[in-house]
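Order of the sequence lines sets the chain letters (A, B, ...), proteins ahead of strands, with each chain counted from 1.
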There are 2 protein chains.
Amino acid sequence: MPAAPDDFTQIVACLKSLGLTKYEALVYIALLRVTGATATEIHEISGVPRASVYPVLEQLQAKELVSVSQSSPKRFAALPPEEGIGNLLSCIQQNALRAQEDLSAIYEERLSPEREEQELIWNLYGITAIRKKIVELLAHTERDVRIIAHPQLFSEDIKRALNHKAHHIAVEIITPQWDGEPPGTMNVYVKKTPEIPKGLDRAKDMMAGGVFIFDNRTVMVIVGLGKEDAVALYSESAGFVRFFIRYYDLIIDWAKKPDLK
Amino acid sequence: MPAAPDDFTQIVACLKSLGLTKYEALVYIALLRVTGATATEIHEISGVPRASVYPVLEQLQAKELVSVSQSSPKRFAALPPEEGIGNLLSCIQQNALRAQEDLSAIYEERLSPEREEQELIWNLYGITAIRKKIVELLAHTERDVRIIAHPQLFSEDIKRALNHKAHHIAVEIITPQWDGEPPGTMNVYVKKTPEIPKGLDRAKDMMAGGVFIFDNRTVMVIVGLGKEDAVALYSESAGFVRFFIRYYDLIIDWAKKPDLK
DNA sequence: TAAATGTTGTTATAACTACAACAACAAGAT
DNA sequence: ATCTTGTTGTTGTAGTTATAACAACATTTA
């Protein structure tokens, strides 16, 4: 009687991303729970149809996750997960390395059709992708960076890049709160967000994300800081940049005024 | 005109193991070759059907591999491969870690049905799995190890384990050739393979792999050293063990004789 | 013989692949 | 202005492959 689903859905999902199928994952898990088993026992423990167990076990042998006995009926045993998973992962890592090398080569040699890509406004999804882009833009900045942003946005990576850059270029930051070490050579204006300048209704929304101005030339606007629903726009488009510089100037004036309260 | 297949099959295969589909890989590669492109241009560069390009680009955005412009027509650009691939890989690594933790927990708590698994003869496929098993068996050995094996079999891992163990237990090795540092505390008999004892026809075949005897209790026999077609048998079965101990004794007698040539 | 094992098929389902067709839109021509 | 023409983005519909699920049969073991 095929029993005990036991809910390994989480682990199965993880194993799938390592290239296993659902059945392969279930059988492997089942084998880890005992010291050894026949095909039929595996079927009972894992819930995988008995007839499907055989081909699946072949796959797992090929992937070096199980060993087989000579006996009749054959008995199967799982190799320790440290080795099994380690094996799978190192294969993938190897592939990733190869891909990265090959693709980086392609990326460096890429043709630049003489289009004015800089007039475009680009979208970026996902908070990690956004943070990485910020670090990248920061690395190419030559004169100054001006920032209005929610503190959540400043990952360790970004803070490190900022601290590093602050030695060479001007860094100006407006934020409702600054965590961590005192901002050495940077100008950081800490202003509570509740009442940003009058008349700018959408200003508060903006503050939920951030505005980054690099060299007065490239602007990145981030909206939404939820887990993965963050969106960023960035552009070198003149109009786009001008709009946000003006916006920034407005805020900085207000920020520089001494707190009246 | 969709052109230039350009044979990225290798890279595509690598990217597939990172969880991308063929189309996703092709589109990503295509985007890396230019600074930006419209859906139609991507179709032309990559050879992916134009209608398929749109959903594929959505997938890639979700995987944080490309960014999109606001313009009409939309333009797409690839994020640098170091970041893109790095992202994918770190996700997988995270999953692998979680899986390994969960599975190790299961593995430790596994039920031991009181069966005599030790009477079975087990098969193991793949040279890396075999080498790892050897290291594992070595770790649990308490008195002595006796080995007849082809030098190819001794990976760095195994040599290290042997050198380490040699301080506590007796290690005896017969091999036609010994590479690397002189075998400190181990007894190594180097004997050319060509004419092993008389009358044992299959002996030569055996020497193409190896025989490991752990504590006179567990025996592992390896046959075939090809890339991935290596097979090992191991067992604690009394008959199996006795057979190979007798075989070993035969060889060791011959090996200890001074070279007559 | 009966039960369990191992093998071989067939079917279903889902995902990926591939292509055809359509509406919306813009640019240019008459 | 209207009518082409071509492009873009969307939708739908098959073909293909891999996985999933089950049924049936031959073989072994007791």
side-chain hydrogen bond (donor to acceptor under 3.5 Å, both in side chains) partners of B:T40, counting only residues at least two apart:
none
Looking at residues at least two apart in the chain, or sitting in another chain, which of them share a side-chain hydrogen bond (donor to acceptor under 3.5 Å, both in side chains) with A:S17?
B:N95
Sorted by position of nearest nucleotide on DNA chain D, 5' first, the leading residue of A:Y23 and A:P73 is A:Y23
Using a strict threshold of under 4.0 Å (side-chain N to carboxylate O), is an ion pair present between B:K133 and B:E136?
yes
Inspect the contact between B:E236 and B:R217 and indicate whether a charged nitrogen and a carboxylate oxygen are less than 4.0 angstrom apart.
yes
Do B:V219 and B:Y234 make a side-chain contact, defined as non-hydrogen atoms from C-beta onward lying under 4.5 Å apart?
no
Measure the shortest side-chain to side-chain distance between A:L124 and B:L79 over non-hydrogen atoms and say whether it is less than 4.5 angstrom.
yes
Hey, do the aromatic rings of B:Y248 and B:F244 have their centres closer than 6.0 Å?
no
In residues 12-22 of chain B, which ones come under 4.0 Å of DNA chain C, going by heavy atoms?
B:T21, B:K22
Enumerate donor-acceptor pairs with a distance under 3.5 Å from any side-chain N or O in residues 19-26 of chain B to protein atoms, sequence neighbours excluded.
residue, atom, partner, partner atom, Å
B:T21, OG1, B:E24, N, 3.2
B:E24, OE1, B:T21, N, 3.0
B:E24, OE1, B:K63, NZ, 3.0

Looking only at the side chains, is there a donor atom on one of A:Y125 and A:N123 sitting less than 3.5 Å from an acceptor on the other?
yes
Which of parallel (below 30°), tilted (30 to 60°) and perpendicular (above 60°) describes A:F214 and A:F212?
parallel
Note: chain A reaches DNA chain C at heavy-atom distances under 4.0 Å over the stretch, first to last nt, 5' to 3', of C:dT5 to C:dT8
Pick out the pairs of N or O atoms, protein on one side and nucleotides 10-12 of chain D on the other, that lie under 3.5 Å.
none

